[in-house]
2 protein chains.
Amino acid sequence: MNPAGRPIAPPEPLDLMFQALADPARRGMVERLTLGPASVSELAAPYAMSLSAVVQHLQVLEASGLVASQKVGRVRTCQIRPGALSLAEQWISARRTEWERRLDRLGQYLADHPEDEEGDLR
Amino acid sequence: MNPAGRPIAPPEPLDLMFQALADPARRGMVERLTLGPASVSELAAPYAMSLSAVVQHLQVLEASGLVASQKVGRVRTCQIRPGALSLAEQWISARRTEWERRLDRLGQYLADHPEDEEGDLR
DNA sequence: CCAACACTGAAGTGATCACTTAAGTATTGC
DNA sequence: GCAATACTTAAGTGATCACTTCAGTGTTGG
């Protein structure tokens, strides 16, 4: 049980996604991989951390679905999974369009009722 | 010092942003706030956690820049900051367009060289 | 005035995170 | 064959996270 005593819920895909993107090293690896596939050591090169740490970041990225990899010989080659980011993108753009619509309605209301005062959040 | 013994870097805005979005309760609060401003207790209502926990989530959301709030009397009213999500949106769409460009180049190459075999990641 | 209300702040706890080191296991070039 | 290469796995550590409880503080309706 967790601290709340409630049953643990399995993490949703969006949780894993945003969690994966929340670390600058992981974002950096994704940025690198958008330029093309790379081996683990190539991905590790820009970072001061151990290879082990990089592999652990890679595992997070794979669990989130952002990255896939396959091993050939002794080299593991990683690539981004193109469709993966669209889930996060959709959530964000849904919020954006929602509040744009809301601001439009508010603007329309204010235009229709110019006598009303500002400062009202409702 | 951190476990690596290296100096700590201050978290980047995108770190705070994605970290804030990585929790389902916080995303839920953002979703609620896209429909319009709400008080702390209104935001807390759907959740089984304590009010204190909700306030702590709200602090994370404020630190990320996603949410703003002001107190009037004994009620704190929260609203989303419309522009905030665009930072995350831009990062994601930058990656998307980058790998789309890359896939286009790859497709063009394959079209120009139909004799080549598949399975090459380079 | 005073009780109910809407938070606020501090302290504590167990789980998870971001690393580390150390000791493996397959591959490959020579 | 054998050393170098490219990871892989396990165990450990301190920091941070997501909560909790409890004890305030300021506000407001009756």
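Lettering of chains follows the sequences in order, A, B, ..., and the numbering in each one begins at 1.
- Note: OH (B:Y47) to P (C:dC7) measures 16 Å, nearest angstrom.
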Working for side-chain hydrogen bond (donor to acceptor under 3.5 Å, both in side chains), residues B:Q79 and B:S69: CA-CA 6 Å; B:Q79 32 185 337; B:S69 76; over 6 Å; no
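- The phosphate of D:dC19 has neither OP1 nor OP2 within less than 4.0 Å of any side-chain N or O from B:S50.
- OP1 and OP2 of D:dG26 both lie 4.0 Å or more from every side-chain N or O belonging to B:K71.
- Between the side chain of B:R81 and the backbone N or O of B:V67 there is no donor-acceptor pair closer than 3.5 Å.
- In this structure, CZ of B:F18 is placed 17 Å from P of D:dC17, rounded to the nearest angstrom.
- Remark: C1' of C:dC17 and CG of A:L16 are 14 Å apart, rounded to the nearest angstrom.
- At distances below 3.5 Å, at least one donor-acceptor pair connects side-chain atoms of B:R27 with backbone N or O atoms of B:L21.
- Between the P atom of D:dT16 and the NE2 atom of B:H57 lies a distance of 18 Å, rounded to the nearest Å.
- Nearest approach of A:S39 to A:V75, heavy atoms of both residues: CB-CG1, 3.7 Å.
- In terms of phosphate contacts, B:S52 brings no side-chain nitrogen or oxygen within less than 4.0 Å of OP1 or OP2 of D:dT20.
- A:Q59 has its CD atom 12 Å from the P atom of C:dC17, to the nearest Å.
- Along DNA chain C, the nucleotide nearest B:L51 and the nucleotide nearest A:A53 are compared for position; the residue whose nucleotide lies closer to the 5' end is B:L51.
- A:S41 comes within 4.0 angstrom of the backbone, heavy atoms only, and of no base.
- When rounded to the nearest whole Å, the span between CD of A:Q70 and C1' of D:dC7 equals 15 Å.
- For the pair A:D23 CG and C:dT16 P, the interatomic distance rounds to 18 Å; values are reported in whole Å.
- A cation-pi arrangement is found for A:R95 relative to A:W91, the charged atom lying closer than 6.0 Å to the ring centre and inside a 45° cone about the ring normal.
- Not a single donor-acceptor pair, N or O on each side, falls under 3.5 Å between the base of D:dC7 and the side chain of A:R74.
- Taking atom CZ of residue A:R76 and atom C1' of nucleotide C:dA26, one finds them 12 Å apart after rounding to whole Å.
- Of the candidate nucleotides D:dT8, C:dC19, D:dT20, C:dC19 has the atom lying nearest to any side-chain atom of A:M49.
- Nearest nucleotide to the A:V55 side chain, out of D:dA18, D:dT8, D:dC17: D:dT8.
- On a pure distance criterion of 3.5 Å, a polar donor-acceptor pair joins the side chain of B:Q56 and the base of D:dT20.
- Checked against C:dC7, C:dA18, C:dT20, the side chain of B:V75 finds its nearest nucleotide in C:dC7.
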